[in-house]
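Below is one structure, written out as structure tokens; the observations come after it.
Numbers restart at 1 for each chain; the letters A, B, ... are given by sequence-line order, proteins then strands.
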Number of protein chains: 2
Amino acid sequence: MSRGRSPTIKDVAKVAGVSSATVSYVLNDLNKVTPEVDALVRRVAKELGYSRNNAARALKTGRNNIIGCILPTLTSPVFPEIAQAVQLRAEAHGYATLVIDSGNAPMREEKVVRTLAKHGVDGAVALLHPKFKPADPPLFPIVSLDAKFPGLDSVHADHYAGGRLMAEHAIALGHRRIGMLSGFQDLTSSFERRQGFVDAAAGRVELVWEVNVHLVPQLPPVAVEAIRRREVTMIACVNDLVAIAALSVLKDSGMSAPGDVSVFGFDDMQWASWPLIDLTTIRQPLAELGSRAADLLISRLDDRQRPVEDLVLPVTLVERGSTARVGLPLP
Amino acid sequence: MSRGRSPTIKDVAKVAGVSSATVSYVLNDLNKVTPEVDALVRRVAKELGYSRNNAARALKTGRNNIIGCILPTLTSPVFPEIAQAVQLRAEAHGYATLVIDSGNAPMREEKVVRTLAKHGVDGAVALLHPKFKPADPPLFPIVSLDAKFPGLDSVHADHYAGGRLMAEHAIALGHRRIGMLSGFQDLTSSFERRQGFVDAAAGRVELVWEVNVHLVPQLPPVAVEAIRRREVTMIACVNDLVAIAALSVLKDSGMSAPGDVSVFGFDDMQWASWPLIDLTTIRQPLAELGSRAADLLISRLDDRQRPVEDLVLPVTLVERGSTARVGLPLP
DNA sequence: CTTATCTATTTACACGATTAAACGACCTGA
DNA sequence: TCAGGTCGTTTAATCGTGTAAATAGATAAG
């Protein structure tokens with residue numbers, strides 16, 4: 001105590017006049033002790049400013065009370081919102097969260113998992129590339145974010161329904177000629193979003209052009225050219241970041257949304273609502289995604305036998321100023 | 001091994017036919033052993049897939065190889081860039097990083113520090129409110145980000161010079177009547193930015209109005225009104241987020257930058273360069289800020305006696321499309 | 001050939017907590 | 001009264017590493 005060292009369970013035991021086992025029982029809420037002793041121990045512990053040594057506990061129990069959160073990058077508007085929710089929920093359960101970015105490469109994902117294992121995480125929430133190969137046997141339980149993953153628990157938005165929603169809204173606004181900036185189709189969520197759109201649009205909309213793009217706010221030349229051809233009344237984008245890139249191209253080309261062409265995003269990341277951007281989009285509940293994933297992971301940690309669960313969260317349409325009824329002049 | 005349990009130092013020792021102490025010496029690179037034994041042990045360890053149990057090591061040595069990174073929030077464009085750099089650098093040194101957001105409140109900062117201590121971090125990089133009171137004695141070393149902090153190592157950009165740079169560029173563009181959206185002055189960086197600006201502007205620029213605002217992309221009504229009065233040719237903002245809020249107000253009011261009024265930001269966060277935003281700003285080297293802070297923290301962990309260090313990084317002017325020479329018509 | 005000096009390795013304990021098992025005190029029912 | 005059960009508490013072993021101290025073996029010095 002006064003000798004700098006922080007007090008251990010034994011110090012508490014000595015002061016309280018009981019054995020260290022008793023202290024441990026009290027502090028772990030196994031109710032094995034009389035109310036008086038319980039109260040006494042708690043009081044003494046608080047007085048001494050006792051706080052459990054996590055390393056010792058981890059060594060003995062094999063549980064570290066740390067979970068990992070693996071995301072493709074932190075420098076994107078979407079993922080930090082998820083990370084924040086995971087962390088908040090984990091903390092409520094007494095877990096700390098190790099947020100790590102995997103740089104979007106499946107190989108690095110596997111390395112990151114090993115790193116996390118080395119640091120003794122009990123499990124992780126992860127947004128994984130479908131090509132990711134889990135170690136066998138797995139180093140720790142993983143909950144897959146954003147997409148179903150064979151053998152893993154998962155939490156994700158209903159991308160397919162979102163795609164349909166986009167198409168139906170576009171049709172309702174009178175759009176018949178649409179260009180599409182879809183994501184590369186190896187990513188499950190990109191695939192499902194497109195699929196939903198295409199299924200709902202079938203026969204009612206002409207998909208004039210389509211370009212696969214990376215999920216970043218820069219477009220490849222072929223996409224820029226497509227936009228400049230002015231052949232469509234709407235550009236449907238795989239996510240908000242890409243939609244912003246499209247808006248940028250429009251601005252650079254002297255066009256604007258929704259006057260010359262409507263632009264439709266997906267995600268409803270925080271900045272989509274800024275007046276400068278003001279993007280019509282499909283909202284996925286990012287925070288809920290994170291907290292549900294944390295919950296799921298922690299239940300899994302408590303019971304490794306429970307059946308694998310796949311949680312699908314609903315999406316909603318958020319109508320803003322980047323889309324308009326076709327043919328309607330600017331207000 | 002084959003019994004599920006992962007191999008320990010004793011398993012390695014048994015297979016290699018040496019004692020566990022020898023294995024420990026080898027794996028910790030204390031060169032106390034013959035080259036042959038060294039090689040043998042390493043080979044066996046690799047063969048068994050041995051990996052050190054961090055909890056046991058932490059228990060024995062009191063070092064966890066984890067550092068914390070405390071930031072006001074993750075859902076801001078600026079902080080994740082720093083976090084990413086911290087993490088990358090920490091990983092290179094064999095440390096994992098616990099990123100935590102403190103929600104911008106000094107009281108919560110103190111709580112977060114206790115949480116981190118509970119999870120056994122060896123130290124932390126933190127962006128602290130000046131009112132933050134470190135525990136005494138400190139629970140672990142902290143490197144202060146973004147501002148000097150009494151008694152702590154620190155790494156931050158040269159906010160004062162940045163403020164001057166803003167003023168000088170404004171003057172060079174011919175601006176004489178300027179409105180200012182400054183941050184609340186209890187935050188050191190906001191204070192210094194303003195001070196630099198005011199000092200350099202003295203006598204050459206009229207500060208027509210000034211409003212203290214929170215560092216978020218929404219402005220209070222009084223700021224909105226000030227902007228709408230159209231009394232100035234430039235709005236100087238405490239950071240990019242606030243500058244974006246100003247641009248939003250302009251757009252909502254049927255004005256635009258730089259045609260009606262120039263807008264000047266600070267930070268050069270990632271999105272400032274998007275064509276939709278295209279913000280003239282003062283760049284602070286966010287990634288370098290993070291990695292230098294991590295370096296500094298780790299040196300501190302290795303030597304608690306070294307004198308406190310204050311690292312100031314230079315800022316630069318980034319000229320984009322939100323500012324223009326005064327009186328110049330739109331191109 | 002003895003004794004001192006190194007050096008490579010091992011022995012043995014500590015770190016702080018958890019927990020099965022042992023223990024003792026008290027109660028209960030025949 | 002005594003076997004058996006219950007309850008609250010303690011004893012003691014254990015988790016995997018690190019490391020001071022002991023030990024053995026080789027070398028050098030006298």
Side-chain angles (χ1 to χ4, degrees), chain A residues 1 3-42 44-45 48-66 94 117-120 122 301-302, chain B residues 1 3-42 44-45 48-66 94 117-122 139:
Chain A
M1 271 305 304
R3 307 187 352 290
R5 221 188 71 258
S6 74
T8 76
I9 207 173
K10 280 187 186 167
D11 298 323
V12 176
K14 196 166 295 174
V15 173
V18 298
S19 80
S20 65
T22 303
V23 177
S24 175
Y25 289 137
V26 170
L27 267 32
N28 285 316
D29 293 319
L30 319 176
N31 35 356
K32 298 194 158 201
V33 300
T34 32
E36 302 89 62
V37 176
D38 185 282
L40 170 66
V41 168
R42 284 182 202 281
V44 172
L48 296 188
Y50 170 79
S51 128
R52 167 162 50 215
N53 180 322
N54 241 285
R57 186 214 195 124
L59 173 57
K60 185 62 183 149
T61 63
R63 290 184 60 159
N64 248 326
N65 281 17
I66 300 187
K118 232 162 105 166
H119 283 284
D122 301 313
L301 293 178
D302 291 336
Chain B
M1 270 306 303
R3 307 187 353 289
R5 221 187 69 257
S6 73
T8 77
I9 208 174
K10 280 187 185 167
D11 297 323
V12 176
K14 196 165 296 172
V15 174
V18 297
S19 80
S20 66
T22 302
V23 177
S24 176
Y25 288 138
V26 170
L27 267 33
N28 285 316
D29 293 321
L30 320 176
N31 37 356
K32 301 195 159 202
V33 300
T34 25
E36 302 89 64
V37 176
D38 186 281
L40 171 66
V41 169
R42 285 183 202 280
V44 172
L48 296 188
Y50 169 80
S51 126
R52 165 162 50 216
N53 180 323
N54 241 286
R57 185 218 187 94
L59 173 58
K60 188 64 184 144
T61 63
R63 289 184 62 158
N64 248 326
N65 281 20
I66 299 186
K118 231 161 105 165
H119 283 285
V121 302
D122 301 313
L139 298 172

Show me the protein contacts with nucleotides 22-28 of chain C, counting only N or O atoms at under 3.5 Å.
none

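The side-chain contact (heavy atoms from CB on, under 4.5 Å) test applied to V15(B) returns V44(B), L48(B), not counting sequence neighbours. By the side-chain contact (heavy atoms from CB on, under 4.5 Å) test, K118(A) is found to be paired with S51(B), residues two or more places apart in sequence or in another chain being considered. Under the side chain to side chain donor-acceptor pair (under 3.5 Å) criterion, S24(A) pairs with N28(A), not counting sequence neighbours. Residues that satisfy the salt bridge (Lys or Arg N to Asp or Glu O under 4.0 Å) test with D38(A), not counting sequence neighbours, are R42(A). By the side chain to side chain donor-acceptor pair (under 3.5 Å) test, T34(B) pairs with no residue at all, sequence neighbours left out.
Within residues 16-23 of chain B, the residues having any heavy atom closer than 4.0 Å to DNA chain C are, in order of number, V18(B), S19(B), A21(B), T22(B). If you check residues 24-37 of chain A against DNA chain D, the residues with a heavy atom closer than 4.0 Å are Y25(A), K32(A), V33(A), T34(A), V37(A), listed by number.
For residues 13-22 of chain B, there are no salt bridge (Lys or Arg N to Asp or Glu O under 4.0 Å) pairs, not counting sequence neighbours.
Distance CG (N53(A)) to C1' (dA17(C)): 8 Å, rounded to an integer number of Å.
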Output a table of donor-acceptor pairs, distance under 3.5 Å, between side-chain atoms of residues 56-63 of chain B and any protein atom two or more places apart or on a different chain; print 'none' if there are none.
| from | atom 1 | to | atom 2 | distance (Å) |
| --- | --- | --- | --- | --- |
| T61(B) | OG1 | R57(B) | O | 2.8 |
| T61(B) | OG1 | R63(B) | N | 3.1 |
| R63(B) | NH2 | Y95(B) | OH | 2.3 |

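Put simply, chain A comes within 4.0 Å of DNA chain D, heavy atom to any atom, from dG8(D) to dG16(D), going 5' to 3'.
Between its two ends, the helix from dC1(C)-dG30(D) to dA30(C)-dT1(D) turns its axis by 60°, counting five pairs per end and rounding to 10 degrees.
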